[in-house]
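As a basis for the values below, the full set of heavy atoms in this structure was taken, side chains included, without hydrogen atoms, waters or symmetry mates. Chain A is the first sequence line, chain B the second, and so forth, proteins listed ahead of strands; every chain is numbered from 1.
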Amino acid sequence: MDYNPQELEADWRERWADDGRYEADPTTTTGPDDSETTFITVPYPYPSGGMHIGHARTYTVPDVYARYRRQQGDDVLFPMAWHVTGTPIIGAVERLEKREPKQLSVLQDTYNVSDAVLKDLETPMGYARHFIEEHYKSGMQSLGLSIDWRREFTTNDERYSKFITWQYETLRERGRLEKGLHPVKYCTEQENPVTTHDLLEGEDVEYQEYTLIKFTQAGSDSADSDSGDTVIPMATLRPETVRGVTNAYVDPEATYVEASVDGETWIISVEAAEKLELQDHAVDRDAAFSGENLVGERVTNPVTGDEILILPAAFVDSDSATGVVMSVPAHSPDDYLALQEAKTDRERLREFGIDPDEVDAIEPIAILDVEGYGEIPAKDAVESAGITDSTDPDLKAVTQSLYNAEFHTGRLHDEYGEYAGEVIEDVREELAAAYREEGAFGAMYDFPEPVISRAGGKVVVAYQDTWFLTYNDEDWKQAAKRVVETMDTTPENTRGEYTHTIDWLNEWPCIRNYGLGTRLPWDDDFVIEPLSDSTIYMAYYTIAHRLGDVPVDDLDRDFFDALFYGSEAVDGEADERALDLRAEWQYWYPVSQRFSANDLISNHLTFYLFHHAELFDEAEWPEGITIMGMGLLEGEKMSSSKGHVVLPGKAIADYGADTVRFFLLNSAEPWQDYDWRDEQVAGVEKQLRRFWNRSAELIEAGERSEDGGDGTAAESDPTPEALEHIDRWLLSKLQTTIETVTDALENAETRTASQAAFYGFEEHLKWYRRRTELDRPAAQWTLRHILETRLRLLAPFTPFLTNELHEQLTGTPAEDAPWPAVDAERISRRTETEERQIERLTDDIQDILSVTEQDPETIRIYVAADWKREVFETVRDTGTDVGQVMGEVMQNPALRERGNEVNQLVQDLVELVRGVDDDTLDAMAKIDERSTYETAAAFLEREFDATVECYAEDDANIDDPADRARKAVPFRPAIHIE
RNA sequence: GCGAGGGUGGCUGAGCCAGGCCAAAAGCGGCGGGCUUAAGACCCGCUUCCGUAGGGAUCCCUGGGUUCGAAUCCCAGCCCUCGCACCA
């Protein structure tokens with residue numbers, strides 16, 4: 001019976017499919033009773049590419065839990081579906097249609113898509129379908145995941161859309177949706193919003209909200225405007241530096257325009273005018289002119305009232321924010337250097353008609369104090385870094401550390417009034433908002449770096465009408481927090497992350513201009529985005545397999561209201577079909593455990609809590625979330641674009657699904673990161689093969705003895721007398737193993753559980769094999785009993801081989817056998833403690849032999865005398881205070897005579913007792929050391945190939961040639977070897 | 001910066017929450033031995049240093065502290081990893 005995982009696993013997969021083994025239906029009609037049902041979910045995969053081994057664990061961990069709960073007797077529902085909402089799949093298809101080399105390489109090299117099927121991938125759903133069928137679903141089935149496949153769906157299905165439609169109509173009605181303007185990335189070429197995938201350049205660049213400081217040009221001479229002074233807005237990310245502005249810069253070569261912006265007259269770059277227009281400002285462009293015209297002009301600081309000069313500078317980018325830059329030389333190393341450079345180039349200033357002496361007189365104005373820098377921080381920073389000109393490559397880092405220091409520790413000077421002495425970090429926003437309020441400041445969005453779309457157009461920030469989920473509603477936040485309070489979070493320390501996210505979450509734009517998915521019910525120009533159409537779909541699983549019977553058009557508001565809220569929630573007669581499905585929903589809901597990834601806490605998982613809090617009663621709220629860590633491959637991040645992935649199909653072909661599963665579950669706890677290393681996986685395969693071989697041998701031996709009719713009733717319990725000490729020891733260990741594994745699985749600790757059931761117990765067996773004759777009928781019975789139990793304990797992890805072996809051993813697959821229960825009768829602390837003594841004795845003898853390098857003939861063991869045992873009892877009663885014990889012991893005249901000897905013994909015993917727990921101490925008190933060692937004598941003789949003699953220290957006929965016996969201490973026998 | 005996690009023997013990685021059976025699990029690697037015609041598989045032992053008697057010394061990022069006792073608790077420091085959004 002050789003171990004052939006591929007063959008064996010194929011058989012079981014077929015059997016499961018034929019039997020519909022994991023199709024879960026309500027087994028009672030008594031309504032919801034959560035103690036009997038376990039509903040397990042995991043985020044549905046996004047099939048924009050194939051599945052790799054990193055994904056495999058995400059789905060295997062919940063499978064283990066599902067299998068475990070099933071053996072515990074629960075009705076377990078573990079469903080799966082496919083998330084296709086949004087643009088990633090569409091983007092992937094577009095890149096394929098363009099035959100982009102990178103995309104082709106991912107498809108053909110990483111995911112082995114043949115040329116013949118490549119054309120099937122040219123529609124979004126064709127593309128998705130390929131990866132669903134050929135990768136995800138087949139991968140999950142190969143792994144042996146116990147999924148109810150009848151419930152499968154995609155988020156682009158029309159019935160699913162009806163469900164999402166119901167969800168969003170309900171949310172809108174409940175006031176959780178609001179319409180508003182929101183900045184988006186916008187391609188000026190296509191005149192359309194774009195997503196990250198549409199970008200050619202600047203994919204990682206985030207837009208910034210700049211503060212515009214509205215400097216004014218007094219007595220404007222170009223003024224045919226009647227709206228007061230002309231505004232020259234200067235953009236900054238550090239609005240608090242407004243009091244440190246000494247001058248401004250424009251690019252003399254660039255084109256600027258005078259324009260009416262929301263009724264005011266502004267001078268800005270021509271690019272800025274376009275951007276402001278897209279950001280919902282009423283912009284009416286007037287005269288365009290060269291930047292040169294602005295040079296030498298004076299503008300007034302709206303906060304201080306000071307007049308400053310506009311200087312020419314080539315470094316000004318007219319396509320960045322307003323195209324006019326304010327200079328804060330005291331706090332910006334760039335500005336500081338630029339000012340120095342401007343001062344030296346007197347000739348150039350004259351060319352622009354500026355008096356060089358006036359520029360020379362400009363001095364930095366410090367507006368804050370920051371630790372670690374001098375009075376003029378920027379000056380200090382560049383000088384101590386030895387930077388003298390603006391092209392120095394170190395400048396960036398110097399600037400960054402100064403900005404950081406100022407932001408987190410800089411305190412504003414007295415001129416700032418109510419903000420004086422405050423740290424920038426705490427007041428920046430408040431200060432900017434206050435000035436904005438009084439009209440001194442404005443705002444605009446822009447990118448700090450160029451962003452280009454794949455269409456080749458410049459990407460800017462535009463305002464767009466959008467719908468938000470109002471996660472900032474205080475009452476909604478409170479409700480979400482109540483969900484967190486009532487739910488189990490695994491590991492427990494993630495609980496704070498949910499509440500933190502809830503606090504921090506703002507309104508969330510939940511629609512996009514295009515993509516797969518559900519249209520916004522009241523405006524089909526928009527589609528509901530992926531993170532927003534995946535918040536309560538777990539409820540959909542409970543009915544998905546039966547919804548096909550209901551015509552799509554019948555799935556209206558009332559239908560789902562009746563389904564989720566009951567017949568009283570609808571006017572008139574509730575739909576019978578909906579009420580029927582309602583029973584199914586109530587049977588399974590709520591979700592018992594959702595397994596998910598760490599990084600989804602900050603969006604998906606918290607949304608999941610918000611939506612459940614809003615839409616469902618407390619009884620239907622999530623009961624638990626378990627967070628999972630990341631997978632590495634040979635120490636590095638997996639990446640399908642680099643081909644640095646292992647596909648489950650390949651791994652299973654190489655090692656078998658049981659090995660793949662066992663590795664994934666055993667190498668780390670679910671929430672920890674794990675590392676797929678080929679060498680390690682091969683090691684697991686070896687271990688499983690060994691386990692199989694040993695088990696098969698044991699099973700075959702059992703069959704032989706039954707056939708042979710030698711009188712051994714292999715399956716009935718042996719009489720208590722037939723079991724030897726060592727058998728009872730192993731059976732006792734089995735009980736603690738059952739306990740450990742069960743406790744661990746309750747907390748989804750797959751590593752602890754599998755470690756204990758497999759490797760941990762192998763260690764005990766190793767000792768057992770060494771200690772005893774395995775041919776004894778009692779030993780055979782013990783081994784078979786233990787095998788049966790271990791197969792059940794391991795069934796969630798390696799279902800294929802355990803089912804097979806368990807069926808051969810007992811006639812039933814392991815998964816159909818109940819989860820092992822601890823047999824309290826078989827737990828013996830005393831037996832374990834006795835065996836521990838034998839192990840120690842063996843180790844001690846071994847130690848002596850390795851130091852003395854002798855070949856032993858006789859080993860003599862001397863157990864401590866009765867009076868020493870008395871002292872031990874005294875320590876046990878009195879406690880571990882040496883003085884107190886001595887006081888007690890010295891009451892006894894016989895012991896008092898022994899003086900120093902007793903003193904030393906007490907010290908030793910106090911040490912010994914301190915090192916053990918109370919249970920062990922109680923067990924020790926019951927042990928008869930001498931008989932314990934005597935039962936092990938035969939073993940020790942075999943082990944060391946020597947005669948073993950056992951004496952008590954105070955035996956009358958003791959043989960003690962080397963005068964060792966007196967060294968004996970309770971639980972530490974003296975030894976003599978010769 | 002904010003939030004989270006972590007630094008353990010050649011490597012991977014337990015232990016730390018509930019201090020003492022911890023020179024510190026297990027796997028991998030290495031060394032020696034057994035079995036074998038041989039290789040593989042399997043089995044046993046060793047794998048910080050010293051030691052011809054079960055012992056001793058040093059050790060869990062660094063430095064302090066609490067304690068009879070610290071890998072484990074407390075304080076300070078150094079270093080590393082991950083997430084920080086409108087993207088799935």
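Nucleotides U8(B) and A23(B), compared at atom C1', are 12 Å apart to the nearest Å. The same atom, C1', is picked in A85(B) and in G3(B); the two are 14 Å apart, to the nearest Å. For the P atom pair drawn from U81(B) and A76(B), the interatomic distance equals 23 Å after rounding to whole Å. Here the separation of G13(B) from G69(B), taken at their C1' atoms, is 27 Å to the nearest Å. G15(B) and C59(B) have their C1' atoms separated by 16 Å, with the value rounded to a whole Å.
Using a 4.0 Å cut-off, no side-chain N or O of Gln755(A) falls inside it from OP1 or OP2 of G27(B).
Nearest nucleotide to the side chain of His976(A), out of A26(B), C28(B), A53(B): A53(B). Of the candidates G45(B), A85(B), G54(B), the closest approach to any side-chain atom of Ile975(A) belongs to G54(B). The listed nucleotides are G45(B), A4(B), C21(B); the one nearest the side chain of Glu497(A) is A4(B). Checking C21(B), C42(B), A88(B) against the side-chain heavy atoms of Asn603(A) singles out A88(B) as nearest. Nearest nucleotide to the side chain of Ile848(A), out of A88(B), G54(B), G45(B): G54(B). The side chain of Arg770(A) approaches G45(B) more closely than any other nucleotide in the set C42(B), G45(B), A26(B). In this structure, the nucleotide among G54(B), G27(B), C42(B) sitting nearest to the side chain of Arg694(A) is C42(B). For Arg972(A), counting side-chain heavy atoms from C-beta on, the closest listed nucleotide (A53(B), C44(B), G54(B)) is G54(B).
A salt bridge does not link Glu832(A) with Arg836(A): none of the charged nitrogens is closer than 4.0 Å to a carboxylate oxygen.
Annotation: of the two residues near RNA chain B, Gln846(A) and Gly683(A), the 5′-most nearest-nucleotide partner is Gly683(A). Between Glu529(A) and Asp847(A), the residue anchored closer to the 5' end of RNA chain B is Asp847(A), taking for each the nucleotide with the nearest heavy atom.
Here Ala974(A) lies in heavy-atom contact (under 4.0 Å) with a base. At the heavy-atom level, Leu531(A) lies under 4.0 Å from base atoms of the strands shown. Note on Leu841(A): nothing from the nucleic acid sits closer than 4.0 angstrom, heavy atoms only. If you check every strand for non-hydrogen atoms under 4.0 Å, Arg964(A) touches a base. Nucleic acid contact class of Pro973(A) (heavy atoms, under 4.0 Å, all strands): base. Contacts of Gln687(A) with the nucleic acid, taken as non-hydrogen atoms under 4.0 Å apart, involve only primed sugar atoms and P, OP1 or OP2. Note on Pro509(A): a base of the nucleic acid sits closer than 4.0 angstrom, heavy atoms only.
On a pure distance criterion of 3.5 Å, a polar donor-acceptor pair joins the side chain of Asp844(A) and the base of G54(B). Side-chain N/O atoms of Arg751(A) and base N/O atoms of A25(B) include a donor-acceptor pair closer than 3.5 Å.
Here the P atom of nucleotide G5(B) and the CD atom of Glu669(A) are 16 Å apart, to the nearest Å. Between the P atom of C21(B) and the CZ atom of Arg836(A) lies a distance of 11 Å, rounded to the nearest Å. C84(B) atom P lies 13 Å from atom NE2 of His500(A), rounded to whole Å. Counting to the nearest Å, the P atom of G55(B) and the CG atom of Asp843(A) are 11 Å from each other. Taking atom CH2 of residue Trp671(A) and atom C1' of nucleotide C17(B), one finds them 13 Å apart after rounding to whole Å. Atom CD1 of Ile977(A) and atom C1' of A53(B) are 7 Å apart (whole Å). One can place CD of Glu978(A) at 16 Å from C1' of U52(B), the figure rounded to the nearest angstrom. One can place OH of Tyr471(A) at 15 Å from P of C86(B), the figure rounded to the nearest angstrom.
Between Trp692(A) and Tyr3(A), the angle of the ring planes lies from 30° to 60°, which puts this pair in the tilted group. Using cut-offs of 30° and 60° for the angle between ring planes, the Tyr537(A) and Tyr44(A) rings count as parallel.
A cation-pi geometry, defined here as NZ or CZ lying under 6.0 Å from the six-membered ring centre and within 45° of its normal, holds between Arg594(A) and Tyr608(A).
The partner of C84(B) is G1(B), by the rule that a Watson-Crick or G-U pair needs both atom distances under 3.5 Å. For G45(B), the paired base is C31(B) (Watson-Crick or G-U wobble, both distances below 3.5 Å). Using the Watson-Crick or G-U wobble rule with both distances under 3.5 Å, C21(B) pairs with nothing in any strand shown. G55(B) is paired with C50(B) under the criterion used here, namely a Watson-Crick or G-U wobble arrangement in which both key atom distances are under 3.5 Å.
A side-chain hydrogen bond (donor to acceptor under 3.5 Å, both in side chains) with His976(A) is found for one member of Arg860(A), Arg964(A), Glu949(A) and no other, namely Arg860(A). Glu406(A) pairs in a salt bridge (Lys or Arg N to Asp or Glu O under 4.0 Å) with only one of the listed residues (Arg411(A), Arg238(A), Arg428(A)), which is Arg238(A).
Atom CD of Glu857(A) has 12 or fewer neighbouring heavy atoms from other residues, nucleotides or ligands inside a 6.0 Å radius.
The ring of Tyr136(A) has its center no closer than 6.0 angstrom to the ring center of Phe131(A).
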